[in-house]
Amino acid sequence: MKRFLIVFRWSLLVLLLLVVGTLSVAWFVDFRQSDEELAAEFQEQRIRPTVHRYQIDTPDGVPRTIRFMETPARADRSDTVAKPVVLFVHGAPSSLSFFNAFFKDTLLLNRAQLVAVDRPGYGYSDFGRVETSVVRQAELLQPLIDRYRNASYLMIVGSSYGGSVSARLAMNNPGLVDHVVFVSSALGPGLERTYPISYLADSPLIRWCVPTLLRLANDEKLAHQRALEAILPDWSRIRASITMLHGQRDELVYPTNVDFAQKKLVNARVKQFLLPENRHDIVFNKREYMTEILLDILTRRDVKEAVKAKSMVGKAGDVPKPKTAGEAGMLTTLAPVASQH
């Protein structure tokens with residue numbers, strides 16, 4: 001009994017030190033970069049992103065500011081064809097800097113115009129001003145969809161909580177969003193872990209000492225089930241193609257979110273990539289794998305457009321040429337095995 005009490009006390013002490021340490025670090029680390037820091041991050045690259053902001057009116061009369069960064073739409077000034085657009089939406093707690101590694105990938109940069117946004121309340125999109133409604137967050141990001149409405153192809157990549165917002169954007173824009181990639185995304189009401197400390201951190205006695213970044217994430221977490229229930233009736237509005245990546249060992253956002261989405265996406269073509277060894281860490285530990293999938297989506301889109309163009313030429317009276325071996329090979333570019341429905 002005495003040994004048990006000693007172990008118990010030490011365990012409590014270690015837990016307390018971990019909590020205090022995490023809170024202390026969070027007061028000084030907010031997972032965001034200023035415009036100047038972003039410029040320095042990418043200054044050595046040939047293709048560099050630029051930072052932009054827009055304001056949008058709100059019912060309370062206080063406008064919201066949203067910050068995003070984007071790479072050029074064209075490879076160079078002489079290029080008359082704009083690239084397809086890939087929009088990244090981060091989870092919590094995070095910012096657009098979460099996707100910096102993708103903005104350094106030359107293969108991806110050469111194939112698409114990359115865009116990343118600070119979700120409302122994060123990064124430099126009114127840092128600390130929380131918005132717990134997925135419906136409202138999508139409304140605040142709608143100007144981005146409008147900005148790229150004339151793009152030849154629009155893909156949204158949503159990570160974790162960002163997947164919820166990405167789903168809503170696809171619901172609202174069935175004719176504009178061509179593809180959504182859900183990465184470890186929280187999509188089904190209640191299909192994620194909420195730790196007891198989240199409720200403690202929300203209590204009036206504790207809330208005041210919780211760092212802004214953690215408070216934002218906690219407010220979203222505690223309101224997430226209701227926010228997802230609010231969009232339940234609209235899943236059938238999604239007509240974009242869907243790719244889902246999820247770790248089968250994810251204990252934060254459960255893999256059952258994939259099954260939930262599969263059942264709800266009645267008007268979408270869905271492909272699943274379930275990773276047996278991964279937890280809630282795909283963007284960090286499977287970044288190259290993610291890039292392969294994004295490139296494959298873009299390649300398949302290019303092939304589809306090429307076939308369509310040849311078909312139109314054929315209808316005009318020209319005799320279509322047979323496919324070359326290289327063109328045929330483009331149809332099987334992705335090695336990983338996926339389940340498709």
Side-chain angles (χ1 to χ4, degrees), residues 32-35 38-39 42 48-74 82-92 94-100 102-103 112-183 185 216 220 223 227-228 230-231 234 237-240 294:
R32 60 177 180 160
Q33 291 175 290
S34 66
D35 295 4
L38 285 171
F42 300 106
R48 295 185 295 272
T50 54
V51 178
H52 306 271
R53 286 172 172 77
Y54 64 83
Q55 281 198 331
I56 184 168
D57 293 332
T58 62
D60 62 9
V62 182
R64 297 291 305 237
T65 297
I66 302 296
R67 185 182 75 154
F68 66 98
M69 66 177 179
E70 64 177 4
T71 59
R74 291 170 172 79
K83 300 174 183 176
V85 173
V86 179
L87 168 62
F88 294 92
V89 185
H90 66 80
S94 192
S95 71
L96 58 78
S97 298
F98 186 63
F99 299 107
N100 279 358
F102 294 92
F103 282 72
Q113 179 182 16
L114 306 185
V115 184
V117 61
D118 283 331
R119 285 197 299 107
Y122 292 92
Y124 284 84
S125 292
D126 296 332
F127 183 68
R129 187 178 171 188
V130 70
E131 175 54 69
T132 58
S133 166
V134 169
V135 171
R136 184 60 185 147
Q137 285 205 35
E139 291 173 351
L140 294 173
L141 298 189
Q142 182 61 36
L144 281 178
I145 304 298
D146 296 337
R147 181 180 179 88
Y148 306 109
R149 67 183 304 112
N150 294 323
S152 60
Y153 194 79
L154 177 56
M155 183 194 316
I156 305 178
V157 181
S159 172
S160 194
Y161 190 102
S164 310
V165 181
S166 299
R168 186 60 186 179
L169 287 170
M171 294 173 188
N172 293 346
N173 300 277
L176 296 178
V177 177
D178 296 292
H179 205 116
V180 182
V181 179
F182 292 118
V183 185
S185 293
L216 284 168
E220 286 186 336
L228 290 174
I231 66 174
D234 299 324
R237 289 163 55 181
I238 296 180
R239 285 171 167 75
L294 299 182

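We count residues from 1, following the sequence as given.
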Just wondering, do [Y] and [X] contact through their side chains at under 4.5 Å, heavy atoms?
X: R67; Y: L38; value: yes
X: R129; Y: V62; value: yes
X: P120; Y: I66; value: yes
X: V183; Y: V181; value: yes
X: P143; Y: I56; value: yes
X: T58; Y: E131; value: no

Are any side-chain N or O atoms of [X] and backbone N or O atoms of [Y], one a donor and one an acceptor, separated by less than 3.5 Å?
X: R119; Y: G91; result: yes
X: S164; Y: L228; result: no
X: D126; Y: R64; result: no

* To do: Just grab all the salt bridge (charged side-chain N to carboxylate O under 4.0 Å, His left out) pairs involving residues 159-168, residues at least two apart or on different chains.
  =>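 As it turns out, the salt bridge (charged side-chain N to carboxylate O under 4.0 Å, His left out) pairs with a partner in residues 159-168, which skip direct neighbours, are R168-D234.
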With [X] via ring pair (Phe, Tyr, Trp, His ring centres under 6.0 Å) - residues at least two apart:
X: H90; result: Y122
X: F102; result: F88
X: F98; result: F284

Closest contact, heavy atoms only, [X] versus [Y]:
X: G121; Y: L216; answer: O-CD1, 3.0 Å
X: S152; Y: A82; answer: OG-O, 4.0 Å
X: D118; Y: Y124; answer: OD2-N, 2.9 Å
X: S166; Y: G158; answer: OG-CA, 3.4 Å
X: G123; Y: S95; answer: CA-CB, 3.9 Å
X: F99; Y: A116; answer: CD1-CB, 4.5 Å

With rounding to the nearest 0.5 angstrom, report the [atom1] to [atom2] distance, [X] to [Y].
X: L144; Y: I156; atom1: CG; atom2: CD1; result: 9.5 Å
X: L87; Y: I145; atom1: CG; atom2: CD1; result: 5.5 Å
X: R74; Y: K83; atom1: CZ; atom2: NZ; result: 10.5 Å
X: L176; Y: Y148; atom1: CG; atom2: OH; result: 14.0 Å
X: Y161; Y: S94; atom1: OH; atom2: OG; result: 14.0 Å
X: L114; Y: M69; atom1: CG; atom2: CE; result: 8.5 Å

Holding to salt bridge (charged side-chain N to carboxylate O under 4.0 Å, His left out), I want the full list of residues that pass it with [X], two or more places apart in sequence or in another chain.
X: D178; value: none
X: R48; value: none
X: D57; value: none
X: D146; value: R149

* **Audit row: N100, Q33, side-chain contact (heavy atoms from CB on, under 4.5 Å) steps and yes/no** => CA-CA 11 Å; N100 279 358; Q33 291 175 290; 2.8 Å; yes
* **Set of residues satisfying side-chain hydrogen bond (donor to acceptor under 3.5 Å, both in side chains) with respect to Q113, sequence neighbours excluded** =>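 Partners of Q113 under the side-chain hydrogen bond (donor to acceptor under 3.5 Å, both in side chains) test: E70.
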* To do: Mind checking side-chain hydrogen bond (donor to acceptor under 3.5 Å, both in side chains) for S125 and listing every partner two or more places apart, or none if nothing turns up?
  =>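 Residues passing side-chain hydrogen bond (donor to acceptor under 3.5 Å, both in side chains) with S125: none at all.
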* **All side-chain contact (heavy atoms from CB on, under 4.5 Å) counterparts of A223, not counting sequence neighbours** =>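 A223 satisfies side-chain contact (heavy atoms from CB on, under 4.5 Å) with T132, R226 only.
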* Asked: By side-chain contact (heavy atoms from CB on, under 4.5 Å), which residues pair with S160, not counting sequence neighbours?
  ->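 Scan of S160 (side-chain contact (heavy atoms from CB on, under 4.5 Å), adjacent residues dropped) gives V253, H280.
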* List the steps, then state whether side-chain contact (heavy atoms from CB on, under 4.5 Å) holds for V89 with Q137. => CA-CA 11 Å; V89 185; Q137 285 205 35; over 6 Å; no
* Asked: With distance as the sole criterion, is a donor-acceptor pair present between the side chains of E139 and N172 under 3.5 Å?
  ->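 Short answer, no.
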* Do R136 and D60 sit within salt-bridge range, that is, some charged N less than 4.0 Å from a carboxylate O? ->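 No.
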